[in-house]
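Scroll down for the structure; my scribbles are underneath it.
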There are 2 protein chains.
Amino acid sequence: MDAVTVEQRAERSRDRVSRRRVDKFADRRAQLANSALLTLSELGYARTSLREIAQNSEFSHGVLHYYFTDKVDLIMHCVKQYKAECVRRYDEIVGTSLTPDDLKHGFATGLATTMCEDASMHRLWYDLRSQSLFEESFRADVGEIDRSLERMIWRIVSRYAELADASPTVTSPVAYAMFDGMFQHGLAKFIGGDATAGLELTANVEHVLGSLVFHNG
Amino acid sequence: MDAVTVEQRAERSRDRVSRRRVDKFADRRAQLANSALLTLSELGYARTSLREIAQNSEFSHGVLHYYFTDKVDLIMHCVKQYKAECVRRYDEIVGTSLTPDDLKHGFATGLATTMCEDASMHRLWYDLRSQSLFEESFRADVGEIDRSLERMIWRIVSRYAELADASPTVTSPVAYAMFDGMFQHGLAKFIGGDATAGLELTANVEHVLGSLVFHNG
DNA sequence: CAAGTTGCTTGACACCCGTCCAGAACGGAC
DNA sequence: GTCCGTTCTGGACGGGTGTCAAGCAACTTG
């Protein structure tokens, strides 16, 4: 009588003894989330409907409720996936440089590159973050992503200070807020059609990071 | 046969020879825009419908199309009104201080005050700015507001440098991006329920503004 | 092969949206 | 009073939305 819920399907799928095959349920979820991510980043949260998402995938709209409990569940799964991808990108930026100038330049160009190449994804992030100011149910996940980004920025700043034999002059939240602000305004410029936005961001980030530490001794 | 359009009504109203009475047409527009602003700041752009706006006013939903051509016309009128109010607030902050520390402290507390008192308005602003990354028709107005805010910040920074016999170490766009970033993150914290967000913003802004200039001589 | 589970499609449901419109209510001029 | 332009109401229309359930297809298991 009771319908099988998405949670129960996921549970079964996790409990399956035969793990020869990868978990098809989670795979489909990820695949659908990926389609949704494309549509979301193109239309924005408000204008994206489940039917639109399904139309840009190879499935029909009904299947979304087979893999996700409701729209919020879908969106949040997309956001988590986005977060993982985002952190991965930032991780690539860190740790490859051994001198302070290398780190500074690598960070600045890395930010500018992802800003231009993944502009649609980033505007979706800012869209969802704005929505979380109204919709309380978004805040937990959005807040978690925000904190992970802040930690990422702080790793850059403190590592840069370490390499330069210096100490940061700002706290972690302030550093994140500053770079996030610059990134956001660069993104707006870029989406507005200004092709120099990337180079501008690179220069600005380099300058600010350089002036964010105080040399010891 | 042709219906009288909103533009024609506005035109007649402007052309009216007897100006003893204030322009009732523009008055009602402003009144309705004000109701709309309240609803918008409470629900956000996506979830606000014309019927909801009308319900929070003392009129019916049909009248909105008597005073505004369509939904975008209404929203944009609200945004313009918001912009005027916003600039007014910032103007109150500037020019009352004669020492650099007074200006620094006045600016920091002013920012924190409006962040807490008008939190809903500010989140609407960030909402609309995010929407403008997707909806091109929003960009002109949003960009104009953004530029006016940048000019306002730059007046603060350059005036502070002048009072302190120093020179700014960053450009106008970077200064705006930094303070905007801090404001935005403070707002998120405040709306998330953190009562110390105001004081934190004050301290952060004071610190950053102080380190944003280089003393001459 | 047959039975049963899972995956997916299709169409329906109730609701909300922006827009438009016929007409009621109002208000001043004659 | 009548008349007429302005202001406002409330409902209708077409379309889009999230959600759900009935049924079909495909695959797994006995």
Side-chain angles (χ1 to χ4, degrees), chain A residues 1-21 23-32 35-36 39-40 43-55 57-76 135 137, chain B residues 1-18 20-32 35-36 39-40 43-55 57-76 135 137:
Chain A
M1 54 165 62
D2 289 333
V4 180
T5 67
V6 172
E7 287 78 8
Q8 285 168 333
R9 279 192 288 271
E11 190 63 25
R12 282 185 209 167
S13 165
R14 254 176 268 122
D15 288 352
R16 204 191 308 277
V17 182
S18 69
R19 294 190 190 272
R20 304 180 295 110
R21 277 170 270 128
D23 193 338
K24 293 198 100 182
F25 185 78
D27 279 2
R28 237 327 99 84
R29 263 174 79 99
Q31 179 186 0
L32 287 169
S35 290
T39 310
L40 276 166
L43 297 178
Y45 168 73
R47 272 169 291 280
T48 301
S49 69
L50 294 184
R51 284 172 172 81
E52 189 80 29
I53 290 174
Q55 210 151 12
S57 80
E58 46 180 338
F59 300 97
S60 68
H61 71 271
V63 82
L64 291 173
H65 274 277
Y66 183 78
Y67 287 100
F68 302 93
T69 59
D70 58 2
K71 193 183 182 183
V72 177
D73 184 28
L74 203 180
I75 305 278
M76 278 312 152
E135 191 108 4
S137 57
Chain B
M1 54 164 62
D2 289 334
V4 180
T5 68
V6 172
E7 287 79 8
Q8 286 168 333
R9 280 193 287 272
E11 191 62 25
R12 282 186 208 165
S13 165
R14 253 176 268 123
D15 288 349
R16 202 191 308 279
V17 183
S18 68
R20 303 182 294 109
R21 277 172 272 129
V22 281
D23 193 337
K24 295 197 100 182
F25 185 78
D27 278 4
R28 201 41 38 107
R29 263 173 79 98
Q31 179 186 358
L32 287 170
S35 292
T39 309
L40 277 166
L43 297 179
Y45 168 72
R47 272 169 291 279
T48 302
S49 69
L50 295 183
R51 284 172 172 81
E52 188 80 30
I53 291 174
Q55 210 153 10
S57 79
E58 47 179 339
F59 299 98
S60 70
H61 70 272
V63 83
L64 290 173
H65 275 277
Y66 183 78
Y67 287 101
F68 302 92
T69 59
D70 59 2
K71 195 185 181 184
V72 177
D73 184 28
L74 202 180
I75 304 280
M76 279 310 155
E135 191 108 5
S137 56

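We name chains A, B, ... by the order of the sequence lines, and we start the count at 1 in each one. All values below were derived from every heavy atom in this structure, side-chain atoms included, with hydrogens, water molecules and symmetry-related copies excluded.
- At a threshold of 4.5 Å between non-hydrogen side-chain atoms, the residues A/Leu32 and A/Leu74 do not count as touching.
- Taking atom CZ on B/Arg29 and atom P on D/dT7, their separation rounds to 13 Å, with Å as the unit.
- With rounding to whole Å, A/Phe25 atom CZ is found 8 Å from C/dG7 atom P.
- Protein atom CD of A/Glu58 is 14 Å distant from nucleotide atom C1' of C/dT9, rounded to whole Å.
- Between B/Phe25 and B/Tyr67, the ring-plane angle classifies as tilted under the 30° and 60° cut-offs.
- When distances are taken from the side chain of B/Tyr67 to each of C/dT10, D/dT9, D/dT7, the shortest belongs to D/dT7.
- Cation-pi geometry between A/Lys71 and A/Tyr45 is satisfied (NZ or CZ under 6.0 Å from the ring centre, within 45° of the ring normal).
- The interatomic distance linking B/Leu74 (CG) with C/dC17 (P) rounds to 14 Å, in whole Å.
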Nucleotide by nucleotide, nucleotides 14-19 of chain D touches protein heavy atoms under 4.0 Å in the pattern (B base, S sugar-phosphate only, - none) ---SBB
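- Taking atom CD on A/Gln31 and atom C1' on C/dG7, their separation rounds to 13 Å, with Å as the unit.
- Atom CE of A/Met76 is separated from atom CG of A/Asp70 by 10.5 Å, given to the nearest 0.5 angstrom.
- We find the OG1-CD1 distance between A/Thr39 and A/Ile53 to be 6.0 Å, quoted to the nearest 0.5 Å.
- For the pair B/Leu64 CG and D/dG10 C1', the interatomic distance rounds to 14 Å; values are reported in whole Å.
- Note on B/Phe68: nothing from the nucleic acid sits closer than 4.0 angstrom, heavy atoms only.
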Before you tell me yes or no, could you show the steps for A/His65 and A/Leu50 under side chain to side chain contact (heavy atoms under 4.5 Å, CB included), namely the whole-Å CA-CA distance, both residues' side-chain angles and the distance that decides it to 0.1 Å? CA-CA 9 Å; A/His65 274 277; A/Leu50 294 184; 3.8 Å; yes
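- When rounded to the nearest whole Å, the span between CD1 of B/Ile53 and C1' of C/dG18 equals 11 Å.
- A/Thr48 contributes atom OG1, which lies 7.0 Å from atom CD1 of A/Ile75 (distance to the nearest 0.5 angstrom).
- The interatomic distance linking B/Gln55 (CD) with D/dG10 (C1') rounds to 13 Å, in whole Å.
- At the heavy-atom level, A/Tyr66 lies under 4.0 Å from base atoms of the strands shown.
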